[in-house]
Structures are given as C-alpha cells and as structure tokens.
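Remarks on the structure that follows.
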Amino acid sequence: VQLQASGGGLVQAGGSLRLSCAAPIRTFSSVAMGWFRQAPGKEREFVASISASAGSSYYADSVKGRFTVSRDNAKNTVYLQMNSLKPEDTASYYCASARSQYGAQHMSDIAGRSVSSWGQGTLVTVSS
C-alpha cells in the first residue's frame with residue numbers, strides 16, 4: 001500500500017503548515033496512523049499518532065502544544081497541522097499506518113516496529 005503525503009514546503013519560523021496523507025487502505029478506519037520525521041544526518045523519529053477512531057492521540061515532547069494530528073475516515077486521510085514552526089522542525093515528514101495488532105500508543109512507544117506501511121516523505125524546511 002502506497003501512502004501519499006503532501007503539503008510540505010518552505011516556511012519562516014513561527015509559521016504554519018498542514019500536511020496531508022492519503023491512505024488507500026481498505027481498512028483505514030480500523031488502523032492507527034502516525035507521522036514520523038527524519039532530519040538530515042539523524043534517525044527517523046516519532047512525531048504524532050492517532051487511534052483508528054480518532055479518540056486518542058500521542059505526540060513527541062518536542063511538538064506537544066504546536067502540532068495537531070487528525071484524521072477523516074470518510075476520506076482515508078490523516079493530517080498534521082503544524083503551528084509555531086521552528087528551524088529544528090526541518091525534516092522530511094513521513095506518514096505511516098500501524099500494523100493491525102498495534103495502536104496509536106505503540107507507534108509512540110516502539111515507533112518503526114509498529115508500522116505496516118510508509119508513505120513517501122514530504123520535505124518541511126523552516127527558515128530562521
């Protein structure tokens with residue numbers, strides 16, 4: 001399954017961007033979804049995740065209070081609203097679907113091991 005992420009771009013510090021991820025998954029409404037990011041020279045890291053029903057969400061400490069993850073199960077799409085962006089948020093952002101046995105909290109706790117499918121990255125560059 002190929003997830004399609006979009007919405008990245010160049011933004012000044014303090015600005016906002018909204019990422020979208022279209023997920024052509026037949027069971028989309030039954031799987032947790034997440035966002036990860038990878039900065040140049042660094043390992044991929046967890047950013048945010050949301051449960052299948054959107055009842056629970058989890059965030060990395062570095063983005064809490066600034067980023068919001070949401071989903072529209074009718075459109076098979078997950079979003080990441082990013083506000084108050086900082087230069088250290090510069091990275092390629094990847095959406096991911098969780099394996100059926102894992103939930104949103106697992107995506108936070110065990111990151112990549114919980115992932116079933118990855119999307120291609122969308123680059124976010126925050127200038128100072």
Side-chain angles (χ1 to χ4, degrees):
V1 175
Q2 183 64 46
L3 310 181
Q4 296 288 337
S6 61
L10 175 63
V11 64
Q12 289 188 332
S16 299
L17 281 175
R18 188 193 195 204
L19 306 184
S20 299
C21 174
I25 303 172
R26 182 173 54 86
T27 57
F28 179 83
S29 62
S30 300
V31 298
M33 297 293 295
W35 289 93
F36 295 78
R37 67 185 181 186
Q38 186 168 21
K42 295 188 177 181
E43 294 187 353
R44 189 174 299 188
E45 64 177 2
F46 169 80
V47 175
S49 61
I50 186 167
S51 65
S53 67
S56 300
S57 57
Y58 300 87
Y59 298 91
D61 288 343
S62 58
V63 307
K64 279 181 183 176
R66 301 187 298 121
F67 290 13
T68 302
V69 60
S70 61
R71 65 190 294 162
D72 185 338
N73 285 348
K75 296 182 178 179
N76 279 34
T77 301
V78 61
Y79 305 96
L80 185 68
Q81 177 67 43
M82 305 185 295
N83 299 328
S84 302
L85 282 161
K86 304 175 181 179
E88 51 264 43
D89 293 319
T90 295
S92 289
Y93 284 72
Y94 301 85
C95 60
S97 60
R99 298 181 187 275
S100 59
Q101 67 266 42
Y102 293 127
Q105 188 169 358
H106 292 106
M107 300 191 90
S108 170
D109 294 344
I110 64 174
R113 289 190 286 128
S114 69
V115 171
S116 173
S117 296
W118 293 96
Q120 90 288 358
T122 185
L123 180 61
V124 172
T125 304
V126 184
S127 63
S128 57

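Between L80 and A48, the shortest heavy-atom contact is CD1-CB, 4.1 Å. Between Q2 and P24, the shortest heavy-atom distance links the atoms O-CD, 3.3 Å. The two residues S20 and T77 come nearest to each other via the heavy atoms CB-CG2, 4.4 Å. Across all their heavy atoms, C95 and A5 have their closest contact at SG-CB, 4.1 Å. Between W118 and G112, the shortest heavy-atom contact is CZ2-CA, 4.1 Å.
The aromatic ring centroids of F46 and W35 lie 6.0 Å or more from each other.
Residues that satisfy the salt bridge (charged side-chain N to carboxylate O under 4.0 Å, His left out) test with R66, not counting sequence neighbours, are D89.
Side-chain contact between V124 and L17 is present, with heavy atoms from C-beta onward closer than 4.5 Å. Proximity of Y59 to V69: side-chain heavy atoms (C-beta onward) are separated by under 4.5 Å at one or more points. Inter-residue side-chain proximity for L3 and I25 is flagged as met; some heavy-atom pair is nearer than 4.5 Å. Side chains of V78 and L19 form no contact here, defined as non-hydrogen atoms less than 4.5 Å apart.
Within the structure, every pair that satisfies the salt bridge (charged side-chain N to carboxylate O under 4.0 Å, His left out) test and touches residues 40-52, not counting sequence neighbours, is listed here: R37-E45. Applying the ring pair (Phe, Tyr, Trp, His ring centres under 6.0 Å) test to pairs two or more places apart or on separate chains, those with a residue in residues 60-102 are Y102-H106.
Side-chain contact, N83 with S16: a donor N or O sits under 3.5 Å from an acceptor N or O.
Looking at N73, its side chain does come within 3.5 Å of a backbone N or O of A52 through a donor-acceptor pair.
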